[in-house]
Amino acid sequence: MGSASSAYRVIYLDVDGRIQKVVFSRFCSPYDIKELFCTALGLPRESVPALSVLDRNTTLSLLDSTGAMVSIDPTMPHNTERSPYRVVPLTGGQLADKEELFQNVLTQVAEQFSRAFKINELKTEVTNRLAMLEKRVELEGMKVVEIEKCRSDIKKLREEMASRNNSHFLDDNKKLTPRRDVPSYPKYHLSQETVEALRQPTFDVWQWEPNEMLSCLEHMYHDLDLVKDFNMNPITLKRWLLCIHDNYRMNPFHNFRHCFCVTQMMYSMICLCSLQETFTQVDILILMTAAVCHDLDHPGYNNMYQINARTELAVRYNDISPLENHHCAIAFQIFSQPDCNIFSTFDPEAFKQIRQGIITLILATDMARHGEILDSFKHKVDSFDFTDEEHVTCLKMVLIKCCDISNEVRPMEVAEPWADCLLEEYFMQSDREKAEGLPVAPFMDREKVTKPTAQIGFIKFVLIPMFETVMKLFPQIEDVMVQPLRESRDRYEELKQIDDAMNEVRGICVCTCVCVFYYFYLRSTCLHVLMCSGSDEQSCECFYFRCRKRKVRT
């Protein structure tokens, strides 16, 4: 009996003020229960379709004594006669009115939000502003980014070098082996303005990212008809250039940007001097390829360090141009890979000629041979014969030397960062030499050299004599290459005069404000340094400045 009664549920309903008892099985469906409630309310049962809907326009709502809604199903809470549930039928019209009201409220809220925040206008404004900022960074901030990147690379390099064994530079697993090979890199479309600028010695090499420089190098090979004339596979050219990029280290100076700089200067000299009219295409190919490969895997320490430290490179190449020999070896290790061999269409004899030509030019970049090579060229230049193979080879050696050290040919804002990078690399080497007890060259010692003193001698005694000798064969380089060198020499001499004037003041009173601004920027004919005697408390008068004196200790 107990089990039979437990199979039924009793629910009490308040129907228009009277208590209606409803009994149903626990196994009834919600649909059946609602039919019972419908009967209790006096609504027609056949009009009830399913679940919560009686007909298309009516639905039931079940409320307890507190007004809370109760789910209509077999598990609804038990109640008593004193706490009956109240059944409230709702018509479809009432529901529609409430739904419409709710939709209207939502629409008004959405409109208010839209007006308040102006989402579309704000999105457009943000997009435009981002585009402007990106363009500004691209146009105005590239040099700052490059400098910061260089500083970061220098810091990483210092840490790397400090952790290396003193006598070895190259990891045994990476000797003479390209580091990676990726089929291609993004292709950049070069504007006509860029194509024209690329032919000039004034080209700003700091404005370009590595992939853009790779595209520029690729353009040079196509523009000089090297790809067409020698039936090079363009994909192989891409792979080779990318492999070249990956085998330049992140040194302050001897890095891939230096490789691009030297190659671009070679390209501009070929165009400016119309070398394709006097040289064979094989000679042009040798010049360009030697420029690309001339400093491959440079460790950032020069030949003198290699020899004095008895490094693996110095031992391998018997102290004879160890770095330049290493650059050649890496270059032809890359060419030995089929996917990177741009010379695959040449027969063995032609390849042998090209290999010898490239090796000759790369070895010529050793500055220890500078005097020997320049003297040889000076003896030939007055009676130069473009049909004489020895004469042409000597000229090609001088041309790659010119390009290798041509930074001061470029505008000051392009050239000066290179001087800073080179000094930083020199200082890293001299610091290491001091730590290892090796001889230190004065021009590399941070305690003895300044940028003006380093540059003046190099420009006066190395660059100008060499470029003036080349000018005898190609007078057209005077205005665009030789004259910028003379101006650079004069500028550094002015800077040195300022440094000397400041350093000569010892233990005397000097006006703390000097007319450096007028001297350097306005090219004033005098350097106004006001000197006088007396105590520090005495005031000095200057045409441009009035200031207090103090002792200057140097």
Side-chain angles (χ1 to χ4, degrees), residues 154 156-180 243-244 246-256 258-259 262 289-337 340 352 355-373 397 400-401 404-405 422 424-445:
I154 290 170
K156 291 179 183 177
L157 184 66
R158 280 177 170 167
E159 294 173 354
E160 179 186 353
M161 289 300 174
S163 64
R164 286 189 180 187
N165 183 284
N166 289 344
S167 61
H168 293 83
F169 283 98
L170 301 175
D171 188 286
D172 289 339
N173 296 325
K174 292 185 177 181
K175 294 176 193 174
L176 308 178
T177 304
R179 297 171 189 170
R180 69 181 176 93
C243 200
I244 290 292
D246 288 346
N247 280 274
Y248 272 92
R249 301 195 193 185
M250 291 191 298
N251 299 315
F253 184 88
H254 292 99
N255 49 41
F256 178 69
H258 169 66
C259 154
V262 173
T289 308
V292 170
C293 300
H294 84 283
D295 269 333
L296 275 168
D297 200 45
H298 196 297
Y301 296 83
N302 68 12
N303 280 332
M304 192 53 63
Y305 176 86
Q306 306 295 324
I307 294 169
N308 290 335
R310 301 177 183 176
T311 65
E312 182 181 343
L313 291 181
V315 172
R316 179 184 301 159
Y317 296 111
N318 303 310
D319 295 347
I320 301 172
S321 302
L323 288 181
E324 288 71 28
N325 275 292
H326 179 61
H327 305 327
C328 293
I330 292 292
F332 283 94
Q333 185 70 30
I334 293 173
F335 287 131
S336 70
Q337 298 182 94
C340 297
K352 181 179 179 181
R355 171 177 160 82
Q356 186 57 55
I358 292 173
I359 292 173
T360 298
L361 297 197
I362 294 178
L363 293 180
T365 61
D366 184 356
M367 287 303 294
R369 299 182 57 201
H370 177 78
E372 162 209 337
I373 294 172
M397 293 166 71
I400 196 170
K401 286 176 58 60
D404 189 24
I405 54 177
L422 184 59
E424 181 62 31
E425 195 167 293
Y426 281 172
F427 294 159
M428 287 175 59
Q429 175 172 323
S430 63
D431 291 345
R432 187 183 181 104
E433 288 169 333
K434 291 174 185 177
E436 296 177 4
L438 299 174
V440 178
F443 69 90
M444 301 178 77
D445 192 337

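Only a predicted model underlies this, so the values are computations on that prediction, with no experimental measurement involved. For the single chain, residues carry numbers from 1 onward in sequence order.
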Interatomic distance, [X] atom [atom1] to [Y] atom [atom2] [nearest 0.5 angstrom]:
X: Leu363; Y: Ser321; atom1: CG; atom2: OG; result: 6.0 Å
X: His370; Y: Thr365; atom1: NE2; atom2: OG1; result: 12.5 Å
X: Gln306; Y: Arg310; atom1: CD; atom2: CZ; result: 14.0 Å
X: Asn325; Y: Ile330; atom1: CG; atom2: CD1; result: 12.0 Å
X: Asp246; Y: Ile334; atom1: CG; atom2: CD1; result: 9.0 Å

Side chains of [X] and [Y], heavy atoms from C-beta outward: is any pair under 4.5 Å?
X: Arg316; Y: Pro322; value: no
X: Met397; Y: Ile373; value: yes
X: His254; Y: Pro299; value: no
X: Asp295; Y: Leu323; value: no

Sequence-distant partners of Ser430, side-chain hydrogen bond (donor to acceptor under 3.5 Å, both in side chains), two or more places apart
none
How would you list, by chain and number, every residue that makes a side-chain hydrogen bond (donor to acceptor under 3.5 Å, both in side chains) with Lys434, sequence neighbours excluded?
Asp445
For [X] and [Y], does a side-chain donor sit closer than 3.5 Å to a side-chain acceptor?
X: Tyr317; Y: Glu312; answer: no
X: Asp297; Y: His327; answer: no
X: Asn303; Y: Glu324; answer: yes
X: Glu433; Y: Gln429; answer: yes
X: His294; Y: His258; answer: yes

Do any N or O atoms from the side chain of Asn318 and from the backbone of Ile320 form a donor-acceptor pair under 3.5 angstrom?
no
Taking Ile400's backbone N and O only, do any of them form a donor-acceptor pair with Asp404's side chain (distance below 3.5 Å, no angle check)?
no
Over 12 non-hydrogen atoms of neighbours within 6.0 angstrom of CE in Met367
yes
Taking all heavy atoms of Cys243 and all of Gln337, pick out the closest pair and write down the distance.
SG-NE2, 4.0 Å
Quick one: closest heavy-atom pair of His326 and Leu313, and the distance?
ND1-CD2, 3.6 Å
Tell me, with the steps shown, if His298 and Glu425 meet side chain to side chain contact (heavy atoms under 4.5 Å, CB included).
CA-CA 12 Å; His298 196 297; Glu425 195 167 293; 4.3 Å; yes
Please enumerate all residues that pass ring pair (Phe, Tyr, Trp, His ring centres under 6.0 Å) together with Phe335, with sequence neighbours excluded.
Trp240, Phe332, Phe343
Counterpart residues, ring pair (Phe, Tyr, Trp, His ring centres under 6.0 Å), relative to Phe256 (two or more places apart)
His245
Please tabulate, one pair per line, all N/O donor-acceptor pairs under 3.5 Å involving side-chain atoms of residues 355-362, not counting sequence neighbours.
unit_1, atom_1, unit_2, atom_2, d
Gln356, NE2, Thr360, OG1, 3.3
Thr360, OG1, Gln356, O, 2.8

Going by the rule salt bridge (Lys or Arg N to Asp or Glu O under 4.0 Å), which residues pair with Asp319 if we only count those two or more places apart in sequence or in a different chain?
none
Check the pair Tyr305, Glu436 against side chain to side chain contact (heavy atoms under 4.5 Å, CB included), reporting the backbone distance first and the verdict last.
CA-CA 11 Å; Tyr305 176 86; Glu436 296 177 4; 2.8 Å; yes
Show the numbers, then the answer: is there a side chain to side chain contact (heavy atoms under 4.5 Å, CB included) between Cys293 and Thr289?
CA-CA 6 Å; Cys293 300; Thr289 308; 4.2 Å; yes
Does the side chain to side chain contact (heavy atoms under 4.5 Å, CB included) test come out yes or no for Glu424 and Phe253, once each step is laid out?
CA-CA 8 Å; Glu424 181 62 31; Phe253 184 88; over 6 Å; no
